[in-house]
Amino acid sequence: MSILSISGEPGCRPEDLARLLAPRLSYELVISDGLEQILGDSRKQNKELPDRAWPLLAADVLIRRAAHGGIIYCLPGGQFLLPGLPDVFRVHLVASQNSRIGAYMADEGLTRTAAIERLKHDELQQAALNKLRFGRTRLHPASVSLMLNTEVLDTPQQAAVVEAALHARGAIDAAGIGAAAQAQMLFGIRLKLARFGISPPGEIVTRRPIFSHPSEEIFAKLLDFYRIPWEYEPRSFPLQWDSEGRVIEAFTPDFFLPEFDLYVELTTMKQALVTRKNHKIKLLRAIYPHINIQVFYQKDIQDLILKYGDARTPGELHHA
Amino acid sequence: MTPADPRIERILFTEDQVNQRIEEVAAEISAHYAGRELKLIGVLKGSVFFLTALARRLTVPVKIDFLAISPFVNPAGAPGVVRISKDLDEGIQGEHVLLVEDIIDTGFTARYLLRNLASRGPESIGLCTLLDRTTRRLAQITIDYRCFEIPDRFVVGCGLDFKQLYRNLGYIAVLKPD
């Protein structure tokens, strides 16, 4: 088994489950933002991306990624992606309307009345998108490997059930799909894409986080602990250009938290270097005023470590 | 007032200031929930002192309950995943719930608990905190009632601890670095 699909009704928080399972299974996580960024290249190349081509392009990306190792994907309409592919283990989350309304109240800080409206809106929007992209809105239960009620099981319990199911099937290894199978699947997908006049971009290099400082790893673990979705160094922001328009200085924040649309920069350096970094952040805020960035200094990190109980001192972390 | 403990750098809010502010916030809460029954839910252990002081000043009928969450680092030293380690004694379906925290920092704990409690079908859910340290806020949460906004310093007292000490101080104090 190398491909795990996590989907769910609005308000069931399937991304939380995907985020939790990915490190446990050593699978790569593919979520909406990351996929859209990749598909962006295709959009530029082909200008307009027909709705019906979206599932094919997404499948192309997923299968190529699965060649490198196990993947978990959690995407809008993901329950309809890669139809008929037996290697995909499909988990779908459901819950009562009352429970999902509660999720909206908590996540969005909405009143009950507003949460009901929002849920209704999202359900309609998701159904409309699925109709456009997949030509269907209803999920046939037989197409799902495992359906879980989030009202009965919280996210860690859901993860435990999925892991147990994968173990029971003897299908938890993170090996990628074979080259021959991959080639065969991609051929079929690209044949269909050709009808839309689309040639998918070349091989995609996956980037797994390799933290440049122990404090970053601790911060990532803290985010995982609270099941906060995060991306590591997903984007660089050009800050200065030479006379020919080439970027001569850029800044790459350590983390991006998509749920909060927030970049986080951790700083554990000496004061002189902090001053330099502060200057960069000031520039970043001036050039990109719409970007939200939060800076955590050594003292903040020290307090977080103290609060959350890592045994190492900030000094040890700094010199590690 | 001079703190007796040499590890305390200075007092941020005196006991009188703390009590006065809790009184004011309790009046706001009582006005908002007038005619209704309110359930205060405290997060162990930090909120105990604040919740008790707050509850005694409320004029609406009050129920209290407590929960606790698992620590970031478990006894084996490995980070786990947040979970409720001590759950509420009773359900909250159809009730007006106010989550009471000692401090909101990154907002991660409050976010998790609000989401968890909201899924249990309360009629309404609010958040009240003794201290609000906005400089480290990462999770976007709405705080309905706050007593004090504090600077980016490590503070103790009124339930907040350093290695389990100082919770019983009646005032809020800044701890010396290191």
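Numbered from 1 within each chain, the chains take letters A, B, ... in sequence-line order.
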State the [atom1]-[atom2] distance between [X] and [Y], to the nearest 0.5 angstrom.
X: B:Arg115; Y: A:Met105; atom1: CZ; atom2: CE; result: 14.0 Å
X: B:Ser119; Y: A:Ile101; atom1: OG; atom2: CD1; result: 12.5 Å
X: B:Ile69; Y: A:Phe225; atom1: CD1; atom2: CZ; result: 5.5 Å
X: B:Ile141; Y: A:Asp107; atom1: CD1; atom2: CG; result: 12.5 Å
X: A:Phe260; Y: B:Arg137; atom1: CZ; atom2: CZ; result: 11.0 Å
X: A:Arg112; Y: B:Ile125; atom1: CZ; atom2: CD1; result: 12.0 Å

Q.
Could you check whether B:Arg111 pairs with A:Glu259 (Lys NZ or Arg NE/NH1/NH2 to Asp/Glu carboxylate O, under 4.0 Å)?
A.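 Answer for the salt bridge query: yes.
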Q | Passing candidate, side-chain contact (heavy atoms from CB on, under 4.5 Å) with B:Leu138, options A:Val264, A:Leu222, A:Ile228 | A |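 That would be A:Val264; it is the only one of A:Val264, A:Leu222, A:Ile228 passing the side-chain contact (heavy atoms from CB on, under 4.5 Å) with B:Leu138.
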In this structure, are over 12 heavy atoms from other groups packed under 6.0 Å from [X] atom [atom1]?
X: B:Lys45; atom1: NZ; result: no
X: A:Lys120; atom1: NZ; result: no
X: A:Gln97; atom1: CD; result: no
X: A:Arg24; atom1: CZ; result: yes

Q: Write down the atom of B:Ala118, the atom of A:Gly102, and the distance for their closest heavy-atom approach.
A: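 Nearest heavy atoms, B:Ala118 then A:Gly102: CB-O, 3.1 Å.
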Q: Name the option with the most non-hydrogen atom pairs under 4.5 Å to chain A; the candidates are B:Gln140, B:Arg136, B:Glu123.
A: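 Most pairs with chain A among the choices: B:Arg136.
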Q. What residues of residues 10-22 of chain A sit under 4.5 Å from chain B when only non-hydrogen atoms are counted?
A.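 A:Arg13, A:Asp16, A:Leu20 fall under the 4.5 Å cut-off.
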Q: Please assess B:Thr106 against A:Tyr226 for the test side chain to side chain donor-acceptor pair (under 3.5 Å), listing each intermediate value before the final yes or no.
A: CA-CA 11 Å; B:Thr106 59; A:Tyr226 282 105; over 6 Å; no
Q | Portion of B:Thr135 that has a non-hydrogen atom of chain A nearer than 4.5 angstrom | A |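 For B:Thr135, the backbone is the part near chain A, not the side chain.
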Q. Checking B:Leu113 against chain A: side chain, backbone, both or neither under 4.5 Å from a heavy atom?
A.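 Neither; nothing under 4.5 Å.
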Q) Do A:Asn98 and B:Gln93 come close enough that some side-chain heavy atom pair is under 4.5 Å? A)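 When only atoms from C-beta onward are counted, B:Gln93 and A:Asn98 do touch, with a gap below 4.5 Å.
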